[in-house]
Each structure stands twice: as structure tokens, then as C-alpha cells.
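Contents: one structure, followed by commentary.
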Amino acid sequence: MTTQQVPRIFDQARRAARAMRGAKLSQRNQAASWLAEQMEQDTIERLQFMQHQPDRSLIIGPACGELAEWLGTSGSEVAIHAQMDEEHPLPAAPFNLVTSINRLDTVNDLPGALIHLRGALAPDGLAIAHFLGAGSLTTLRQIMLAADGDRPAARIHPQVDTRSATGLLQRAGFSRQVVDSHTLNVRFSSFDRLIADLREQALTGVLADQPPPLTKSGLARACAAFDDLRDADGKVTETFEILTLTGWR
């Protein structure tokens, strides 16, 4: 019997380095953190709505602090792991809540990662995972196609949609599953600011097959393409679709 090989889509060493760089850049004054903040606020609202009060909680990802503070104030014992290999078993607590902030879209074995999230839960425990889904970065995709010209390169990560995510939760063995998404539209004044926001929030590319570096002329075409998309206020809107997976053990 042969073992199915997990495709290597993402370079995990580059993923770890990206996270470390993002953590360092986030210490700068006025560094972008709006995506993780949005995900943490959404998690709090869901827990309040469900009246789920976990005794022990695990937060995986670039935590901004609001979620940990709220859980601690609610009486939960909180563990935070900014970087963790979700493709291997998680700390055996077990936890009443495991939440993943903007991490699971860059694991090679997403079904396995969800199984490990479930495995870290106590009976009736709850897992909430947020990450960017299909429909994200449509503007950047358009800009990079213009930058590459006649020889387009794969620069944007493959993305998961709601239908696929539901099947993945079922496959991971969660007793109940809910998958939903909402769109965050962010306006940028320059192409440089768009890229800086992605870097500061650890959202840049970590594909195993690295695309060729953008040339000087390619960068000029990217900036020109960005300028062509400016609205009446001189800004360009980028779309971030936040996919949320909720599952009960």
C-alpha cells in the first residue's frame, strides 16, 4: 500500500522567515495590523454570540493582543503560539478553544492541519480558523499580470473557497461545521503602501516554486497599472475575503 504524497505548494522555511519578518516589522510605529485585528474582533463576536466560555484557549498566529486579553478577562487560561507547525500534532492540553489567525492558507497539508486542530480540543471544544480565501487580492493579481507582460508568473497563492472548506472540516472529523466569509475592502494611496502592508502582516508570497524576481521595468509597469486603477479620490481598492471555519469536536 502506497502513502499519498502531500503536494509541496508552500515553502515552510520561507513561511517561517516571513512570519519572523512580519513580527519585526509590526514593531514599527503605525505598522499595519488591520487584518489580524479584524480576525480577532470577529472571533470575540462569535464567542459572545455562542456564549462559549473556554477554560483553556490556544491562539495560533500573529496575535494582536485583543483576543488574548478578552479571553483572559473572561477567566480563560490562554496559550499563544505565534509560529507553529500545524501539520504536526499541537500541544496536548486539551483546549476548549483553538483559534488560528491567518495561518492555514499557507500549509501544504490543510486537511492534516485541521485534524490536528481538532485533536487539540477537549470534548465539545471549539475551533475557529480565519484565513484569506478565494476572491482575495484580485487587484494585485491584475497588477502583477500587467507587470509580467507576455510571460506571466504564478505570484499569488492558490486560495480556498467556502464549499471546499466545508468539505475539509467534514473530512477532519468535526461533529458540526460552519463556514462563512466576509469581504474587507482596503484603499491604498500607492503601490508601495500596498506591498508594505502585505509585508508588515506576513502576507507576501511563500510558494515553493518561486517566481522570478520582478525586474525594474516590471516594477514600473506594476506602478503604472496601479495608477490606472485609481478612483476619483486617487486611491485603489484591494479586496481581502476572510474565510472563517468553525468546527466542534
Side-chain angles (χ1 to χ4, degrees), residues 9-40 59-66 80-86 100-108 130-148 152-159 183-227 229-230 234-243:
I9 301 172
F10 304 105
D11 186 318
Q12 296 306 295
R14 291 184 65 202
R15 181 182 187 239
R18 180 188 72 168
M20 292 179 63
R21 181 183 66 189
K24 184 176 181 179
L25 292 175
S26 69
Q27 303 303 313
R28 295 180 177 178
N29 187 35
Q30 297 184 333
S33 60
W34 42 262
L35 185 59
E37 290 172 359
Q38 173 77 14
M39 292 177 176
E40 290 197 14
I59 301 174
I60 304 171
C64 298
E66 182 179 356
I80 302 175
H81 290 268
Q83 293 193 54
M84 180 176 286
D85 187 351
E86 297 91 340
S100 174
I101 304 294
N102 199 31
R103 292 278 299 174
L104 294 185
D105 55 336
T106 51
V107 296
N108 290 308
H130 300 279
F131 56 88
L132 293 184
S136 298
L137 298 172
T138 54
T139 300
L140 182 61
R141 189 187 302 272
Q142 180 180 346
I143 290 172
M144 298 317 297
L145 284 173
D148 285 330
R155 298 185 184 275
I156 307 297
H157 292 169
Q159 299 167 342
T183 299
L184 190 64
N185 293 318
V186 183
R187 301 172 74 235
F188 294 94
S189 58
S190 69
F191 182 65
D192 287 345
R193 186 62 256 173
L194 167 59
I195 299 304
D197 269 30
L198 297 181
R199 288 171 62 88
E200 290 166 3
Q201 299 181 101
L203 295 173
T204 51
V206 292
L207 292 171
D209 294 330
Q210 297 186 47
L214 197 62
T215 63
K216 187 175 182 179
S217 59
L219 178 59
R221 288 192 295 270
C223 292
F226 182 95
D227 290 338
L229 296 173
R230 293 184 185 275
K235 295 187 177 182
V236 173
T237 300
E238 181 57 282
T239 301
F240 298 83
E241 183 185 24
I242 300 176
L243 197 62

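Note that the numbering runs from 1 along the sequence shown for the chain.
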**Asked** Are the side chain of Glu238 and the backbone N or O of Leu140 linked by a donor-acceptor pair below 3.5 Å?
**Response** yes
**Message:** Could you report the tightest heavy-atom contact between Pro212 and Ala153, atom names first, then the distance?
**Reply:** CD-CB, 3.9 Å
**Prompt:** Looking at residues at least two apart in the chain, or sitting in another chain, which of them share a salt bridge (Lys or Arg N to Asp or Glu O under 4.0 Å) with Arg221?
**Reply:** none
**Request:** To the nearest 0.5 Å, tell me how far Met39 CE sits from Leu184 CG.
**Result:** 9.0 Å
**Request:** Start with the C-alpha distance between Phe240 and Thr183, add both sets of side-chain angles, then the distance that settles side chain to side chain contact (heavy atoms under 4.5 Å, CB included), and finish with yes or no.
**Result:** CA-CA 6 Å; Phe240 298 83; Thr183 299; over 6 Å; no
**Message:** So which atom in Leu207 and which in Arg14 form the shortest heavy-atom distance, rounded to 0.1 Å?
**Reply:** O-NH1, 2.8 Å
**Item:** Between CD1 on residue Ile242 and CD on residue Gln38, distance to nearest 0.5 Å
**Value:** 4.5 Å
**Item:** Flag, side chain of Arg155 to backbone of Pro211, donor-acceptor distance under 3.5 Å
**Value:** no
**Request:** Hey, could you give me the CG/CZ distance between Leu198 and Phe188, rounded to the nearest 0.5 Å?
**Result:** 6.5 Å
**Request:** Apply side chain to side chain contact (heavy atoms under 4.5 Å, CB included) to Arg21 and Thr204, showing your working.
**Result:** CA-CA 11 Å; Arg21 181 183 66 189; Thr204 51; 2.8 Å; yes
**Qualifying salt bridge (charged side-chain N to carboxylate O under 4.0 Å, His left out) pairs, either residue in residues 185-204, two or more places apart** = Arg187-Asp231, Arg187-Asp233, Arg193-Asp197, Arg193-Glu200
**Message:** Tell me if the CG atom of Asn185 is crowded by more than 12 foreign heavy atoms within 6.0 Å.
**Reply:** yes
**Fill in**
Separation between CZ (Phe10) and CZ (Arg18), nearest 0.5 Å, reads 8.5 Å
**Message:** When you measure from the side chain of Gln201 to the backbone of Trp34, do you find a donor-acceptor pair of N or O atoms at a distance under 3.5 Å?
**Reply:** yes
**Request:** Nearest 0.5 Å please: distance from the OG atom of Ser190 over to the CZ atom of Arg230.
**Result:** 7.0 Å
**Asked** Within the distance-only criterion (no hydrogens, no angle test), does the side chain of Asp11 pair as donor or acceptor with the backbone N or O of Val206 below 3.5 angstrom?
**Response** no
**Request:** Report the distance from atom OG1 of Thr237 to atom CG of Leu194, rounding to the nearest 0.5 Å.
**Result:** 11.0 Å
**Asked** Sub-3.5 Å donor-acceptor pair from the side chain of Glu66 to the main-chain atoms of Glu40, do we have one?
**Response** no
List the atom pairs, donor and acceptor, that lie under 3.5 Å between side-chain atoms in residues 100-107 and the rest of the protein, sequence neighbours left out.
| unit_1 | atom_1 | unit_2 | atom_2 | d |
| --- | --- | --- | --- | --- |
| Arg103 | NE | Glu86 | OE2 | 2.8 |
| Arg103 | NH2 | Met84 | O | 2.6 |
| Arg103 | NH2 | Glu86 | OE1 | 3.3 |
| Arg103 | NH2 | Glu86 | OE2 | 3.3 |
| Thr106 | OG1 | Arg15 | NE | 2.8 |
| Thr106 | OG1 | Arg103 | O | 3.2 |

**Message:** For a quick test of reading the model, state the closest non-hydrogen atom pair linking Asn108 to Ile9 and the distance between them.
**Reply:** OD1-N, 2.7 Å
**Request:** Apply side chain to side chain contact (heavy atoms under 4.5 Å, CB included) to Val236 and Asp227, showing your working.
**Result:** CA-CA 8 Å; Val236 173; Asp227 290 338; over 6 Å; no
**Asked** Got Leu214 and Met144 here, is their nearest side-chain heavy-atom distance under 4.5 Å?
**Response** yes
**Request:** Check whether any side-chain heavy atom of Leu137 sits under 4.5 Å from a side-chain heavy atom of Leu203, and report yes or no.
**Result:** no
